[in-house]
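All remarks here apply to the structure that follows.
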Amino acid sequence: MKRMETAYERLLLSAQKEASDKGETIKDTPYRLGFHISAPANWINDPNGLIQFKGEYHVFYQFHPFSEKWGPMYWGHVKSKDLVHWEQLPIALAPFEDYDRDGCFSGSAVEHDGKMGLIYTGNVWLDDQQQELKQVQCLAWSTDGVNFTKDCSNPVLSRIPEEGSSHFRDPKVWKHESSWYMVLGTKKNELGKVLLYQSDDLQNWKYEGVLAENKEENLGFMWECPDFFELGGRHVLLISPEGMEQEGTEYVNLKQTGYFTGEFSYETMQYKHGQFFELDKGHDFYAAQTFLDDTGRRILIAWMDMWEQEMPSQEDGWAGALTIPRVLSLDKEGRLLMHPVAELDSLRKEKTVSVKEYAIENELVIGSADMAEIAAEFRVDDPGVRAFGVKVRCGDGEETVLTIVPDECKLVLDRENSGKGPGGGLREAKLSQVKSVSLRIFLDRSSIEVFADGGACVLTSRIFPSSDSLGIKLFAEGGTVNVQSAEVWTLGDAYIKR
């Protein structure tokens with residue numbers, strides 16, 4: 001006798017069909033990304049549950065399958081063998097139970113006894129205005145990494161400590177020796193905090209105290225999406241604070257993502273850290289999460305968008321994407337560096353341009369593409385040079401401009417003329433020096449990611465130019481700049497199916 005589908009299974013299938021059917025009608029719209037993780041259709045935000053499981057990489061994401069705008073959160077799901085070519089999988093989690101009926105919010109993934117476990121926040125709104133809420137932590141399990149069953153003991157953590165509040169979310173779980181540990185984001189008296197827990201079995205959690213908190217500094221009223229890990233002999237705490245005030249060219253976005261580095265003791269559960277640093281200086285980078293793969297790399301992926309800004313792709317029926325995967329390391333001063341994973345080289349289709357030892361006084365066209373990798377090395381010998389850099393997606397009145405300003409030792413990303421919305425002004429990042437500058441740029445149909453200064457300077461932004469704005473140029477102002485080398489590769493699409 002055929003087993004009857006449960007109401008929950010019908011909800012999953014309905015949500016999957018809605019997104020898949022709509023995806024067929026929008027897959028060729030001009031802003032659809034070629035090599036970034038996005039949903040078949042409709043809305044996504046935070047990356048969740050980054051893990052390598054049974055030889056494959058899995059990435060989950062916050063997903064509203066019924067609209068291109070934010071709504072009750074599901075968990076979308078993709079997997080890959082190489083961190084480049086992604087296969088869309090069935091929706092992993094849907095809001096259904098009393099404890100998560102208004103959203104399966106962000107969380108993480110672990111492997112335990114040969115199974116994959118998802119640890120997430122169940123959200124329930126307590127008023128029609130979605131101002132009052134109840135948030136609890138929940139578990140779901142899978143033996144195949146595709147189909148998930150919620151744990152019958154859910155919620156596994158519902159009691160909020162005195163140091164927290166009803167904003168109590170985004171669990172990140174890891175194992176150290178024989179114990180499990182979890183950090184959670186919260187706030188108290190409009191000051192952000194990260195709480196620490198310990199467990200022997202992932203179901204019963206002991207509160208260990210406040211790992212880190214805002215002590216009335218400009219560090220925000222709520223710390224979302226915490227991640228805590230060891231790297232290069234230091235312990236790094238990633239957070240995404242809400243409510244930081246702009247300080248010059250720092251903290252310009254509505255919400256930020258940054259980190260502390262310091263020393264942590266598993267004996268005392270105390271974390272001593274230094275100052276907060278912003279991680280990515282572009283317009284669109286939030287809710288970063290990391291994982292450790294079987295080669296020992298600490299890999300990071302973030303949401304490649306920003307809250308409360310215009311998203312032109314919504315007109316086409318979708319919104320939101322994730323960044324390319326990035327490998328983390330620390331420099332001698334304890335600052336985080338980010339580099340694109342080496343596997344991205346497999347996206348290269350054709351090297352269309354290779355320039356060496358060329359002096360630029362004005363502009364030089366070096367390519368034409370909507371999806372490209374650009375590597376350029378500049379040397380500055382002329383003291384009169386006011387600015388130099390790269391322009392991409394150039395067309396009739398459109399261009400996205402990366403400018404190095406030698407006198408101010410900075411890199412500036414300007415998307416004011418990048419096409420439709422969302423504007424947002426300039427974004428700047430300090431460079432350690434400008435005598436010799438290397439840029440590595442990943443350009444997708446509606447995004448740009450820039451890596452400079454040995455991975456210390458990274459800027460990520462969404463852009464929405466016209467489909468015929470394809471030019472790539474090098475430029476110099478006020479003098480001559482030597483282009484030691486410039487290479488352009490066109491890039492291919494990276495979805496097995498979407």
Side-chain angles (χ1 to χ4, degrees), residues 249 252 280-285 338-340 352-395 397-419 423-444 446-463 465 469-489:
T249 60
V252 184
D280 185 298
K281 302 288 287 185
H283 297 80
D284 298 293
F285 184 93
M338 291 194 289
H339 295 277
T352 58
V353 172
S354 182
V355 175
K356 290 188 180 297
E357 296 297 336
Y358 190 95
I360 296 180
E361 295 182 6
N362 189 1
E363 285 190 346
L364 175 67
V365 177
I366 62 167
S368 176
D370 62 351
M371 294 167 55
E373 179 187 346
I374 305 159
E377 296 185 19
F378 301 90
R379 189 181 73 244
V380 181
D381 298 318
D382 184 348
V385 172
R386 297 191 306 273
F388 62 94
V390 181
K391 299 178 182 180
V392 300
R393 300 304 303 270
C394 302
E398 294 184 341
E399 59 184 11
T400 298
V401 186
L402 286 162
T403 305
I404 293 97
V405 184
D407 287 350
E408 300 179 52
C409 205
K410 67 182 182 181
L411 174 63
V412 181
L413 172 58
D414 181 354
R415 70 172 186 189
E416 282 301 299
N417 297 308
S418 296
L426 309 178
R427 294 293 183 269
E428 300 182 3
K430 285 291 184 183
L431 296 168
S432 60
Q433 55 82 33
V434 290
K435 279 295 192 182
S436 178
V437 178
S438 297
L439 298 178
R440 190 176 180 194
I441 303 164
F442 284 83
L443 187 66
D444 208 336
S446 60
S447 71
I448 182 170
E449 290 165 275
V450 184
F451 299 83
D453 219 3
C457 174
V458 182
L459 299 99
T460 301
S461 295
R462 298 299 305 276
I463 56 175
S469 293
L470 299 172
I472 302 170
K473 303 175 182 178
L474 307 181
F475 73 93
E477 297 175 2
T480 300
V481 169
N482 183 270
V483 180
Q484 293 179 282
S485 67
E487 297 174 302
V488 178
W489 295 267

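Residue numbers start at 1 and run along the sequence shown.
Listed here is the closest heavy atom pair of Lys410 and Val412: CE-CG2, 3.8 Å. The minimum heavy-atom distance between Ala387 and Thr403, with the atom names listed, is CB-CG2, 3.6 Å. Nearest approach of Gly282 to Arg427, heavy atoms of both residues: C-CG, 3.9 Å. Listed here is the closest heavy atom pair of Gly425 and His283: O-NE2, 2.7 Å. Ser469 and Pro465 get closest at one heavy-atom pair: CB-CB, 4.2 Å.
Checked for salt-bridge contact, Asp414 and Lys391 miss the test: no charged N lies under 4.0 Å from a carboxylate O. Using a cutoff of 4.0 Å between basic side-chain nitrogens and carboxylate oxygens, Arg393 and Glu398 are not scored as salt-bridged.
Interatomic distance, Phe475 CZ to Cys394 SG, rounded to the nearest 0.5 Å: 9.5 Å. Atoms CZ and OG, on Arg462 and Ser418 in that order, are 12.0 Å from each other to the nearest 0.5 Å. Annotation: the span from Lys430 atom NZ to Thr249 atom OG1 amounts to 7.0 Å, rounded to 0.5 Å. For the atom pair NZ of Lys473 and CG of Asn362, the computed distance is 9.5 Å after rounding to the nearest 0.5 Å. Atoms SG and CG, on Cys457 and Leu431 in that order, are 5.0 Å from each other to the nearest 0.5 Å. Distance check: Phe451 CZ to His339 NE2 gives 9.0 Å after rounding to the nearest 0.5 Å.
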With side-chain contact (heavy atoms from CB on, under 4.5 Å) as the test, would you mind laying out the steps for Leu364 and Tyr358 before giving the verdict? CA-CA 10 Å; Leu364 175 67; Tyr358 190 95; 3.8 Å; yes
Can you list the steps and then say if Glu357 with Arg379 is a side-chain contact (heavy atoms from CB on, under 4.5 Å)? CA-CA 9 Å; Glu357 296 297 336; Arg379 189 181 73 244; 4.0 Å; yes
Pair Glu373-Arg440, salt bridge (Lys or Arg N to Asp or Glu O under 4.0 Å): steps then yes or no: CA-CA 7 Å; Glu373 179 187 346; Arg440 190 176 180 194; 2.9 Å; yes
With side-chain contact (heavy atoms from CB on, under 4.5 Å) as the criterion, how do Val488 and Ile472 come out once you've worked through the C-alpha distance, each side chain's angles and the decisive distance to 0.1 Å? CA-CA 9 Å; Val488 178; Ile472 302 170; 4.1 Å; yes
Might you work through the side-chain contact (heavy atoms from CB on, under 4.5 Å) test for Val481 and Asp382, ending with a clear yes or no? CA-CA 7 Å; Val481 169; Asp382 184 348; over 6 Å; no
Going through the distances and angles, do Arg415 and Thr400 end up as a side chain to side chain donor-acceptor pair (under 3.5 Å)? CA-CA 5 Å; Arg415 70 172 186 189; Thr400 298; over 6 Å; no
Check the pair Ser432, Asp453 against side chain to side chain donor-acceptor pair (under 3.5 Å), reporting the backbone distance first and the verdict last. CA-CA 7 Å; Ser432 60; Asp453 219 3; 2.7 Å; yes
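Side chains of Ile441 and Ile448 form a contact here, defined as non-hydrogen atoms less than 4.5 Å apart. Annotation: side chain of Leu411 is in contact with side chain of Leu459 (closest heavy-atom distance under 4.5 Å). Side-chain contact check for Glu363 versus Val365: every heavy-atom pair is 4.5 Å or farther apart. Taking the side chain as every heavy atom from C-beta outward, Gln484 and Ser436 approach each other to under 4.5 Å. Looking only at side-chain heavy atoms (C-beta outward), Leu439 and Ile374 stay at 4.5 Å or farther from each other. Looking only at side-chain heavy atoms (C-beta outward), Val401 and Asn417 stay at 4.5 Å or farther from each other. Looking at heavy atoms from C-beta onward, Arg386 lies out of side-chain contact with Asp407 at the 4.5 angstrom threshold. Looking at Val483 and Leu474, their side chains come closer than 4.5 Å, going by heavy atoms from C-beta outward.
Checked against the 6.0 Å centroid threshold, Phe388 and Phe378 count as a close aromatic pair.
Each of Asp370, Ile463, Val390 was evaluated against Leu443; a single residue qualifies, Ile463, per the side-chain contact (heavy atoms from CB on, under 4.5 Å) test.
Judged by distance alone, the side chains of Asp280 and Thr460 do bring a donor and an acceptor atom under 3.5 Å apart.
Under a cut-off of 6.0 angstrom, the local environment of CD in Glu361 is sparse, with at most 12 non-hydrogen atoms contributed by other residues, nucleotides or ligands.
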